[in-house]
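Chain identifiers are assigned alphabetically (A, B, ...) following the order of the sequence lines, protein sequences preceding nucleic acid strands; residue numbering begins at 1 within each chain.
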Amino acid sequence: MRKKYPFDVIEPKWQRYWLEHKTFAAREEPGKPKLYVLDMFPYPSGAGLHVGHPEGYTATDIYCRFKRMNGYAVLHPMGWDAFGLPAEQYAIDTGTHPAETTRKNIATFRRQIQMLGFSYDWDREVDTTDPSYYRWTQWIFLQLFKAGLAYQAEVPVWWCDGCKAVLANEEVNADGTCDRKGHKDVYRRPLRQWLLRITAYAERLLKDLDLVNWPESIKEQQRNWIGRSEGAEVDFRAENGEVIRVFTTRPDTLFGATYMVLAPEHPLVDRLTTAAQRAAVEAYRAAAAKKSELERTQLEKEKTGVFIGAYATNPVNNERIPIWVADYVMMGYGTGAIMAVPAHDTRDLEFARKFNLPVRVVVQPIDNSDPVGFTGDGISVNSGLITGLPTPEAKKKITAWLEEKGLGKATVNYKLRDWLFSRQRYWGEPIPIVHCVQCGPVPVPEDQLPLRLPDLADYTPTGTAEPPLAKATDWVRTSCPKCGGPGQRETNTMPQWAGSCWYYLRYLDPHNDRAFVDPAKERYWMPVDLYVGGAEHAVLHLLYSRFWHKVLYDLGHVSTPEPFLRLVNQGMILGEDNQKMSKSRGNVINPDDVVREYGADAFRMYEMFMGPLEATKPWSTQGLEGVYRFLGRLWRLYCDEDGTLVVDDSPPTPQLLRVLHQTIQKVTEDTESLNFNTAIAQMMIFVNEVTTQPARPRAVLEPFVLLLAPYAPHLAEELWEKLGHTGSLAYERWPQADPQWLRADTVEIVVQVNGRVRDKLTVPADLSATELEQRALASPRVQEFLRGCRVQKKIVVPGKLVNLVATREG
RNA sequence: GCCGUCGUGGCGGAAUUGGCAGACGCGCUGGACUCAAAAUCCAGUGGUGCUCAAACACCGUGUGGGUUCGACUCCCUCCGACGGCACCA
């Protein structure tokens, strides 16, 4: 197909120009307002760039180019989140060193990203696998360790037989399969692990969500993940004297507790079970331990459990209630034990019905509906000292009473767990710790960082819990930095999240070898003003980053409590068949093909024209062609077939000036608010309008090039040059809309009778309300509809409409 | 089950504070140019009725109701889609 304009010449030309002139190098400029615009950096996979990547990148690029032209000092960097399993798996399969695979993939990604003409400052590129980068990832880990926020523990962790590796909780799917490869044999086994004490920051991670401008859905997901709930811990005494502590959010229902439940793993089960029940309880616990999470949560809707033979005393009424063991109570939450109030808890009610346990109503709903199974707020009944109180007051009073008697206290619980931070993999940052028999875990001295990954000949997992690094025996064997005695290096590595937790800070000062970032630079650029990326990172990446950032903040290394001020999630791009793009469906669109055939500007512009940035939307090659045709039409507005400029110096008509200034106004507003699709629609209106006119006045066409520049930067640069300018337009002043041309002299007024449009009047824009009313009533069309009616009410909105409310007479 | 987001032509989508629903693009139809086609340009394009057309009327933003002079927009009910969480006491 013949090209509609020479994008294949223009685009490489300007890309070369920008790189050679370092047009987009970011500088701290005290006189200018700063703007830090960040893309979630990609994992450079072997498959190359996907059309989803450039969606967010184009959005941020447009915004950055727009803001530069509006006088901002803009920081807009790109880099690589390059540790991770695929390169390691490839090494296992082929023997190629992951570093080499990574280098190659990065080269492909860089080429593809550069061919789209994004205005990144390439001198700030970071690569998480580069020792000069991970040196500081390790350094931050040591700060966490020294602050007591990194510790080792023997924890039951998810082990995937297929990957021969430990998985993090979040890497295990709800159906019990492995998130990476879909392996089925995933189960828990206890292993020594590194954990980060993110729970110490639960409250601040929750509260500080109020400081950021993020989509409500993301904030809500983080809140749910942190899972704060207020309640009370209450001590029940078993008959043998053991104290069973429970957590409840409804201390007001204590009088309705008719039994207790311990989690199967609860340590008191052993000590409380009576001889008669021991066999049944042991059998139940053994069965529960074997159950996968899948069985325990998904399939097992029917409650199970066993009475352990023991009783406890309800502290509020001294009632004797039986103790059961059941797997609907989890050891990992609260205290692993509950008081069961079947009348006001759905799960307890199910259990009680199945095992014929008593149900006692202690909360009366306000609307007098059935109290059994009622879990909302109401009025306490049959509840001693709190009888008659509404739920919130009842909670307060009973909690105070418990505290006074030493039987319990108000408590806050979180669902959030500590972050399992070690991986039994090769291709990750080595954890800079030496294990010494004398001194325990000892940090590698900071001046010895980076602790480099040793080369291995064989990357395959050991198959045991020993990580592959254990094979590098010379590397593992070392001396203790503290006492000089024999030591062993930690062989676990960090998870992929580690490098991405702080990369936005390294961009500020990527070549600094004395600190992870220079404090002055940090203060100048932070926080990130706009962060764009996929919603799949809603919880983990963003929560982990926020956690590290807060630790660095507390240690005085960064100046803001939150890293990312504003967050926008770009939507997914589906295939033309409205399905998720995938190789197996054969609906994958390759950016290389698109750029070869239509050019980068058309690709960028189409992705922005598809719809709102946040929306999920299907790819359409015809839609792409429509945008490509538009760019061709735009080109022909300026040049004839030989590429000779046809712009003239004729005085522009008022009509053209009006559409120009409307376009300036609309494009300015919509670019600022990231509504790129409507900004492009307005540019199309402009081009359509100019096309209908014979003249090509420079006074109108030249400012339009600047409006186009953030969207189709190569085309705009080329036209700018043809118009006689030298150098790049990247820092030209953004056009200002002249209000004179936005004001309309006359407006069209809608005249309604009973809410239906019956006539339209063209009147002077500043016509008064009374005058407007007169003219509306004088309209023959309107009079026709008013015949035989009496006007009851007149609504006059100057500049907009007149509505006459009339009723039929007689 | 719970939380969140969202339902607008044949399709992607627009609509400022409650004020002409369907901007812009795709597709489709007709026309110009052409030997012909492609490309390009011009015109039309929510549905229904009125024997065609014009004019006009009525219907129309997932469903049913409500508030209002007026509802895509605000409130309630239900239905559907997508995303997240999931026995969290």
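- Taking the P atom of each, B:A15 and B:G70 are spaced 25 Å apart, rounded to whole Å.
- Contacts of A:Asn688 with the nucleic acid, taken as non-hydrogen atoms under 4.0 Å apart, involve only primed sugar atoms and P, OP1 or OP2.
- In this structure, A:Arg546 forms no cation-pi arrangement with A:Trp225, as its terminal cationic atom is not both closer than 6.0 Å to the ring centre and no more than 45° off the ring axis.
- RNA chain B contains the following stems of three or more consecutive Watson-Crick or G-U pairs, with both distances under 3.5 Å: B:1-7 with B:79-85, B:10-12 with B:24-26, B:27-32 with B:40-45, B:46-49 with B:56-59, B:64-66 with B:74-76.
- Within a 6.0 Å sphere centred on CD of A:Gln783, heavy atoms belonging to other residues, nucleotides or ligands number more than 12.
- Taking only side-chain atoms of A:Thr678, from C-beta outward, the nucleotide of B:G70, B:A14, B:G25 with the closest atom is B:A14.
- Nearest to the side chain of A:Met684, among B:A89, B:C87, B:G25, sits B:G25.
- Residue A:Ile685 is in sugar-phosphate contact alone, with no base atom involved, counting any heavy-atom pair closer than 4.0 Å across all strands shown.
- In this structure, A:Thr346 does not reach the B:C87 phosphate: none of its side-chain N or O atoms is under 4.0 Å from OP1 or OP2.
- Toward the 5′ end of RNA chain B lies the nearest nucleotide of A:Ser620, the other residue of the pair A:Ser620 and A:Val539 mapping further downstream.
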Using a cutoff of under 3.5 Å, can you pull out all pairs of nitrogen or oxygen atoms linking the protein to nucleotides 71-74 of chain B, with atom names and distances?
none

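- Phosphate proximity of B:C41 to A:Arg636: present, with a side-chain N or O under 4.0 Å from OP1 or OP2.
- In this structure, A:Phe686 has its ring center under 6.0 Å from that of A:Phe704.
- At the phosphate of B:A14, OP1 or OP2 sits under 4.0 Å from a side-chain N or O atom of A:Asn677.
- Heavy atoms of A:Arg228 sit nowhere under 4.0 angstrom from any nucleic acid atom.
- Among the protein residues, A:Thr248 comes within range of the sugar-phosphate backbone only, with heavy atoms under 4.0 Å from sugar or phosphate atoms but none that close to a base.
- Distance check on atom P: B:C52 versus B:G66 gives 36 Å, rounded to whole Å.
- Of the C1' atoms belonging to B:U34 and B:U40, the separation is 12 Å, rounded to the nearest Å.
- Shown here, B:G9 is classed syn by the O4'-C1'-N9-C4 or O4'-C1'-N1-C2 angle, which is within 90° of 0.
- Of the candidates B:G12, B:G4, B:G19, the closest approach to any side-chain atom of A:Pro618 belongs to B:G12.
- Here the P atom of nucleotide B:C26 and the CD atom of A:Glu625 are 10 Å apart, to the nearest Å.
- On the P atoms, B:A89 is 29 Å away from B:C75, given to the nearest whole Å.
- Residue A:Asn224 places none of its side-chain N or O atoms closer than 4.0 Å to OP1 or OP2 of B:A86.
- Nucleotides of RNA chain B nearest to A:Gly334 and A:Asn754 differ in position, and the one nearer the 5' end is that of A:Asn754.
- Across all strands shown, A:Gln752 has heavy atoms under 4.0 Å from base atoms, whether or not it also approaches the sugar-phosphate.
- Across all strands shown, A:Pro215 has no heavy atoms under 4.0 Å from either base or sugar-phosphate atoms.
- Distance from the side chain of A:Asn803 is smallest to B:G70 among B:C85, B:A89, B:G70.
- Comparing B:A89, B:G27, B:C69 by their nearest atom to the side chain of A:Arg629 picks out B:G27.
- For A:Arg758 and B:A57, the shortest distance from a side-chain N or O to OP1 or OP2 is below 4.0 Å.
- Which of B:G4, B:C87, B:G25 sits closest to the side chain of A:Ser217 comes down to B:G4.
- By the 6.0 Å contact criterion, NZ on A:Lys354 is enclosed, its count of non-hydrogen atoms from other residues, nucleotides or ligands being greater than 12.
- Among B:C20, B:G19, B:A39, the nucleotide with an atom closest to any side-chain atom of A:Lys4 is B:A39.
- Considering only side-chain atoms of A:Lys303, the nucleotide from B:G25, B:C87, B:A89 that sits closest is B:C87.
- Remark: A:Arg223 CZ is packed, more than 12 non-hydrogen atoms of other residues, nucleotides or ligands lying under 6.0 Å away.
- Look at the C1' atom in both B:C3 and B:U8: the space between them is 26 Å, to the nearest Å.
- For B:C20, the base has a donor-acceptor partner in the side chain of A:Lys760 [N/O atoms by modelled type, under 3.5 angstrom].
- A side-chain contact (heavy atoms from CB on, under 4.5 Å) with A:Val325 is found for one member of A:Thr304, A:Leu268, A:Ile308 and no other, namely A:Ile308.
- Counting any heavy atom pair closer than 4.0 Å across all strands shown, A:Gly227 reaches no nucleic acid atom.
- We find that A:Arg658 and A:Glu689 are not joined by a salt bridge, their nearest charged nitrogen and carboxylate oxygen being 4.0 Å or further apart.
- Under the 30°/60° scheme for interplanar angles, the aromatic rings of A:Phe351 and A:Phe355 are found to be tilted.
- Between A:Asp252 and A:Lys395 no salt bridge is recorded (no basic side-chain N to carboxylate O distance below 4.0 Å).
- Considering only side-chain N and O atoms, A:Lys793 lies under 4.0 angstrom from the phosphate OP1 or OP2 of B:C69.
- Heavy atoms from other residues, nucleotides or ligands lying under 6.0 Å from NZ of A:Lys396 number 12 at most.
- Proximity of A:Lys666 to A:Gln662: side-chain heavy atoms (C-beta onward) are nowhere separated by under 4.5 Å.
- Closest to the side chain of A:Glu220, from the set B:C69, B:C3, B:C24, is B:C3.
- Contact between the side-chain N/O atoms of A:Lys800 and the OP1/OP2 oxygens of B:G18 is not found at any separation under 4.0 Å.
- Taking the six-membered ring for Trp and thresholds of 30 and 60 degrees, A:Trp741 and A:His661 have nearly parallel ring planes, at less than 30 degrees apart.
- Residue A:Val805 places its side chain closer to B:C69 than to any other of B:C69, B:A89, B:C24.
- B:C28 and B:U16: their P atoms are spaced 31 Å apart (whole Å).
- Atom CG of residue A:Leu631 and atom OH of residue A:Tyr5 lie 4.5 Å apart, to the nearest 0.5 angstrom.
- If you check distances only, the side chain of A:Lys794 never reaches the base of B:C69 with a donor-acceptor pair under 3.5 Å.
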